[in-house]
Protein chains: 2
Amino acid sequence: MMSEESIKEYLRERALKATPIRVGLLSLLSERESAIPYSEIQENLKSFDRVTLYRTLNALIDGGIVHKASTSGDETYYALCSQNCSKHCHKHEHIHFKCTACHEVSCMHIEQAIKISIPNFQIEEVSVEVKGVCDKCCK
Amino acid sequence: MMSEESIKEYLRERALKATPIRVGLLSLLSERESAIPYSEIQENLKSFDRVTLYRTLNALIDGGIVHKASTSGDETYYALCSQNCSKHCHKHEHIHFKCTACHEVSCMHIEQAIKISIPNFQIEEVSVEVKGVCDKCCK
DNA sequence: TTTATAAATGCAACAATGTTGCATTAAAAT
DNA sequence: ATTTTAATGCAACATTGTTGCATTTATAAA
């Protein structure tokens with residue numbers, strides 16, 4: 001859970017204005033352990049204009065602060081980036097786990113490094129999405 | 001490139017009716033080496049009803065004949081499954097490679113098996129999407 | 001060949017996500 | 001306090017995606 005002040009500082013570090021919707025969105029994302037589906041974000045920030053929400057999400061993605069955690073299902077999930085993402089350059093060393101039981105999407109760091117090489121191809125980015133049942137639903 | 005007859009047989013094996021749009025779609029997908037974005041599918045099958053195209057895509061995905069090859073970008077790419085996918089149970093032992101230069105999406109079989117295990121989590125499905133520059137654009 | 005069945009289609013309408021343009025607002029710098 | 005310019009809200013539009021229902025049609029059965 002990030003304080004409002006640290007959120008504002010974070011935005012300013014990235015040369016982004018600390019506007020109310022941006023602060024609200026980052027506050028929402030930071031108080032949750034897992035990624036949040038768009039519909040839920042919209043529900044929580046319904047006092048803001050929908051168009052502005054889209055622009056805000058895109059601005060924060062461009063700014064390396066927010067990333068899409070899962071896009072393969074019915075809707076897109078968003079989550080905070082770690083501090084190592086920069087403007088225009090997302091660097092994620094984790095996978096996304098989507099629980100088929102509770103539909104939660106988590107950003108998970110795993111031990112095994114995933115290395116992929118394809119002859120004559122240049123690899124820039126590897127995204128891994130895992131589906132299964134999470135520890136909470138497994139018990 | 002599958003013949004019309006073998007497409008019809010394939011559909012009937014899966015207890016699906018061999019209707020014109022289904023034959024047309026599978027013919028289109030089978031003559032291409034890489035996955036096809038939805039917009040292109042629609043363009044090629046514009047004589048059919050848009051709603052029916054959506055239903056057809058979903059029916060063929062449910063039937064284990066077609067799969068979504070990439071959903072993380074602007075649009076969804078579709079490709080034929082290999083023969084080992086069955087109804088309701090997609091079994092893909094490959095990754096999807098999206099070229100950032102030409103935007104082509106390819107289904108690629110790689111040598112390394114990708115194994116992921118997370119303590120207390122049950123893994124059902126692993127999807128890997130790689131972004132980079134393909135061999136054609138690399139030269 | 002004809003009939004029956006039920007899946008598939010087309011049409012109209014609706015829903016949801018996503019984008020653009022422009023005037024106004026407001027965060028931040030001066 | 002003023003200026004600058006990024007961000008916002010509103011209206012409109014575009015695209016993707018779905019539902020309902022009457023009609024059509026592929027296919028099996030007679």
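Chain letters run A, B, ... following the sequence lines, proteins first, then strands; residues in each count from 1. Heavy atoms only: backbone and side chains are in, while hydrogens, waters and symmetry mates are out. Remember, it's a predicted structure, so these values are computed and weren't measured experimentally.
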Closest approach to the side chain of A:Q42, judged atom by atom: which nucleotide of C:dT17, D:dA6, C:dA7 is it?
C:dT17
B:E33 atom CD: more than 12 heavy-atom contacts under 6.0 Å
no
Just the rounded figure in Å: distance from P of C:dA8 to CG of B:D62.
11 Å
d(NZ, A:K46; P, C:dT17) in whole Å
14 Å
Could you state the atom-to-atom distance from CZ of A:R22 to C1' of D:dA7 in whole Å?
6 Å
Kindly say whether B:V105 contributes a backbone atom to a donor-acceptor pair with the side chain of B:S70 at under 3.5 angstrom?
no
Could you tell me the separation between the CG atom of B:L45 and the P atom of C:dA8, rounded to a whole number of Å?
17 Å
Winner on side-chain proximity to A:F48, out of C:dG10, D:dG9, D:dT27, is D:dG9
Decide yes or no for B:C107 and B:H67: does some side-chain heavy atom of the first lie under 4.5 Å from some side-chain heavy atom of the second?
yes
What is the distance, rounded to the nearest whole Å, between atom CD of B:E75 and atom C1' of D:dT15?
11 Å
Side-chain N or O of B:Y54 less than 4.0 angstrom from OP1 or OP2 on D:dT18?
no
With respect to the phosphate group of C:dA8, does any side-chain polar atom (N or O) of B:R55 fall under 4.0 Å of OP1 or OP2?
no
Can you confirm whether B:F97 sits close enough to A:I123 that some side-chain heavy atom of one is under 4.5 Å from a side-chain heavy atom of the other?
yes
Just how far, in rounded Å, is C1' of C:dT17 from CG of A:L57?
12 Å
5' precedence on DNA chain D between A:V51 and A:T56 (nearest-nucleotide basis)
A:T56
5′-ward residue of the pair B:Y38/B:A18 relative to DNA chain D:
B:Y38
Between B:A59 and A:K8, the residue closer to the 5' end of DNA chain C by nearest nucleotide is B:A59
Tell me the interatomic distance from B:D49, atom CG, to C:dA13, atom P, rounded to whole angstroms.
14 Å
Under 4.0 Å: is that the gap between some side-chain N or O of A:T19 and OP1 or OP2 of C:dA26?
no
Please check the phosphate of C:dT19 (OP1 and OP2 only) for any side-chain N or O of A:N58 closer than 4.0 Å.
yes
In whole angstroms, how far is the C1' atom of C:dA27 from the CG atom of A:L16?
12 Å
Parallel, tilted or perpendicular for B:Y38 and B:Y54, by the 30°/60° rule?
parallel
Taking atom CZ of A:R55 and atom CZ of A:F48, what is their separation to the nearest 0.5 Å?
15.0 Å
Could you measure the distance from the CZ atom of A:R32 to the CD atom of A:E104? Nearest 0.5 Å is fine.
7.5 Å
Check if the side chain of A:R50 and the base of D:dG9 share a donor-acceptor pair of N or O atoms closer than 3.5 Å.
no
If each end axis of the helix from C:dT1-D:dA30 to C:dT30-D:dA1 is fitted on five C1' pair positions, the angle between them, to 10 degrees, is 40°
Are any of the side-chain heavy atoms of B:M1 and B:E31 separated by less than 4.5 Å?
yes
